[in-house]
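Notes for the one structure printed next.
Note that the structure is a prediction, hence the values are computed from the model and not measured.
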There are 2 protein chains.
Amino acid sequence: MAPTRDRILDTTAELFRHHGYTGTGLKQIVAEASAPFGSIYHHFPGGKEQLGGEVIRRSGRMYYELFELIMDQADDFVSGVGDFFAGAAMTLEATDYADACPIATVALEVASTNEPLREATAEVFESWIAGAAERGVAAGLSPERARSVAVEILCLLEGAFIFCRALRTTEALAVAGARAVESVSEALGADGA
Amino acid sequence: MAPTRDRILDTTAELFRHHGYTGTGLKQIVAEASAPFGSIYHHFPGGKEQLGGEVIRRSGRMYYELFELIMDQADDFVSGVGDFFAGAAMTLEATDYADACPIATVALEVASTNEPLREATAEVFESWIAGAAERGVAAGLSPERARSVAVEILCLLEGAFIFCRALRTTEALAVAGARAVESVSEALGADGA
DNA sequence: GTCTATAGAAGGATAGAC
DNA sequence: GTCTATCCTTCTATAGAC
């Protein structure tokens with residue numbers, strides 16, 4: 001069995017994804033992680049806020065690694081973006097519309113209520129934008145265009161997650177994915193790649 | 001002073017927008033609405049869930065009316081969309097990145113945890129998509145293209161709200177707004193309007 | 001360092017006085 | 001129908017036994 005600390009982090013990430021930050025209780029976390037209550041404050045002296053910050057950064061890193069994996073397996077930038085949206089739609093359906101963005105719910109909850117956690121979500125989002133833009137530059141885009149394409153793709157993805165989860169259909173991800181693919185290929189054409 | 005019931009609805013809508021559903025307490029609501037605690041259960045016998053459902057539908061209706069107002073004041077469909085994104089960015093900055101979508105936070109919180117409220121958010125989102133698509137049809141788009149353009153615009157808007165609130169910049173709304181305007185005009189060109 | 005017990009505040013909900 | 005007092009649960013956090 002994984003170390004207690006890791007089990008707590010994994011369980012918390014899962015609960016945050018489905019129930020959000022305020023909707024997840026510490027007692028619920030230790031119960032599902034099969035850990036004694038005291039373990040939380042032993043491993044995370046800063047309490048729920050420290051645990052939350054670590055989970056946000058960790059989930060953000062892991063989700064970005066998934067993005068890199070899919071992009072590396074794809075033939076090119078354009079098809080990689082299409083694969084990512086398609087994979088997101090499949091995951092969403094397979095998990096009964098539960099597993100979308102690991103931190104979006106928490107990000108909205110803390111945006112105006114908890115400054116340290118808001119900063120954690122900002123760091124994650126900024127790293128995603130920078131990482132996706134880097135891939136765009138490698139594919140031939142100018143840095144400026146690569147950044148706006150990255151922002152656009154991520155807006156389409158996050159927005160589609162909201163509609164898909166609420167409406168329980170994958171329509172929005174299909175539309176957003178098609179738009180993302182089209183935008184990327186147009187941008188590559190415009191920057192002469 | 002407005003009737004107690006309306007004050008409760010207004011206050012709850014405001015608190016949901018900033019703190020979300022689980023993050024908003026009934027005691028907090030009556031305190032800010034200057035109402036006695038019993039008023040909640042007098043006007044909303046179904047408790048927090050009934051109140052939440054009414055607030056979601058009401059906020060959704062009001063936000064759509066804002067959309068209609070801006071569209072009616074604009075010269076055409078394309079510039080109306082641009083105005084809406086520009087207005088959203090101004091509001092966001094003016095409210096210290098607090099006032100974005102009135103129901104997105106709640107929608108993500110309840111998507112996998114409260115079926116009646118999930119349905120309320122689904123009804124609102126579906127009405128937004130249908131309403132925006134109707135405007136697209138009136139502007140000359142085919143029904144199919146109008147719907148996908150509507151979904152695309154809304155994904156861009158909701159996604160941009162997440163990034164803007166977390167990063168405390170209006171970059172994402174600017175990028176998303178430009179993309180939305182471009183997509184709408186391209187669609188109108190393709191459908192020969 | 002693992003784990004239990006409990007404190008103290010806040011959560012939703014109810015009963016009933018006026 | 002306005003308003004208060006209170007119930008029970010759950011929350012985060014701490015103290016301290018082992």
Side-chain angles (χ1 to χ4, degrees), chain A residues 1-56 105-106 108-110 112-118 120, chain B residues 1-56 58 105-106 108-110 112-118 120-121:
Chain A
M1 190 152 68
T4 303
R5 196 185 143 90
D6 290 338
R7 287 208 318 281
I8 291 175
L9 286 169
D10 287 340
T11 303
T12 306
E14 198 61 14
L15 289 169
F16 276 8
R17 204 195 270 253
H18 301 346
H19 305 281
Y21 181 73
T22 51
T24 300
L26 296 183
K27 287 180 180 172
Q28 190 182 3
I29 292 170
V30 294
E32 293 207 19
S34 300
F37 188 79
S39 295
I40 291 212
Y41 286 89
H42 173 69
H43 293 291
F44 308 93
K48 192 181 187 181
E49 191 169 286
Q50 182 190 341
L51 172 58
E54 291 201 28
V55 166
I56 289 167
T105 310
V106 176
L108 286 180
E109 284 181 282
V110 303
S112 304
T113 58
N114 188 313
E115 186 59 14
L117 293 185
R118 191 224 105 221
Chain B
M1 189 153 64
T4 303
R5 190 177 204 276
D6 290 339
R7 287 208 318 282
I8 291 175
L9 286 169
D10 287 340
T11 304
T12 306
E14 198 60 16
L15 289 169
F16 277 8
R17 202 193 270 254
H18 301 346
H19 304 280
Y21 182 73
T22 51
T24 300
L26 295 183
K27 289 177 182 171
Q28 190 183 4
I29 291 170
V30 293
E32 293 206 18
S34 301
F37 189 79
S39 295
I40 291 211
Y41 286 88
H42 173 69
H43 293 291
F44 308 93
K48 191 181 188 182
E49 192 170 283
Q50 182 189 343
L51 172 59
E54 292 201 27
V55 167
I56 288 167
R58 190 164 172 271
T105 309
V106 176
L108 287 181
E109 284 181 285
V110 304
S112 303
T113 59
N114 188 314
E115 186 59 14
L117 294 186
R118 191 227 105 220
T121 64

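In this structure, A:F44 places its CZ atom 16 Å from C1' of D:dA13, rounding to the nearest Å. Taking atom CG of residue A:L26 and atom C1' of nucleotide C:dA5, one finds them 16 Å apart after rounding to whole Å. Summarising the geometry, the separation between CZ on A:R5 and P on C:dG1 is reported as 13 Å, rounded to the nearest angstrom. Atom OH in A:Y21 sits roughly 13 Å away from atom P in D:dC11 (whole-Å rounding). Distance B:I40 CD1 to C:dT14 P: 13 Å, rounded to the nearest Å.
Minimum interatomic distance between A:V55 and A:A13 (heavy atoms only, all atoms of both residues): CG1-CA, 3.6 Å. Annotation for A:G20 and A:T105: closest pair CA-CG2, 3.9 Å, computed over non-hydrogen atoms.
Applying the side chain to side chain contact (heavy atoms under 4.5 Å, CB included) test to B:S112 and every residue at least two apart in sequence or in another chain returns A:A98, A:R165. Under the side chain to side chain contact (heavy atoms under 4.5 Å, CB included) criterion, B:F44 pairs with B:R5, B:I8, B:L9, B:Q50, B:L51, B:E54, sequence neighbours left out. With sequence neighbours left out, the side chain to side chain contact (heavy atoms under 4.5 Å, CB included) criterion links A:E49 to A:Y21, A:N114, A:P116, A:L117. Applying the side chain to side chain donor-acceptor pair (under 3.5 Å) criterion to A:D10, with sequence neighbours excluded, gives A:R58.
The main-chain N or O of A:G25 is never found under 3.5 Å from a side-chain atom of A:K48 such that the two would form a donor-acceptor pair.
Backbone-only contact: B:T24 has heavy atoms under 4.0 Å from sugar-phosphate atoms and none from a base.
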Once base and sugar-phosphate atoms are separated, protein heavy atoms under 4.0 Å mark nucleotides 2-7 of chain D, 5' to 3', with B, S and - as SBBB--
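Taking five base pairs at each end of the helix from C:dG1-D:dC18 to C:dC18-D:dG1 and finding the rotation axis that steps the C1' atoms of four pairs onto the next four gives two axes whose angle is 10°, to the nearest 10°.
The shortest distance between side-chain heavy atoms of B:E32 and B:R7 does not fall below 4.5 Å.
Residues B:E109 and B:T22 bring a donor and an acceptor atom of their side chains to less than 3.5 Å of each other.
Both A:P45 and A:Q28 lie near DNA chain D, and the one whose nearest nucleotide falls closer to the 5' end is A:Q28.
At the phosphate of C:dT14, neither OP1 nor OP2 sits under 4.0 Å from any side-chain N or O atom of B:Y41.
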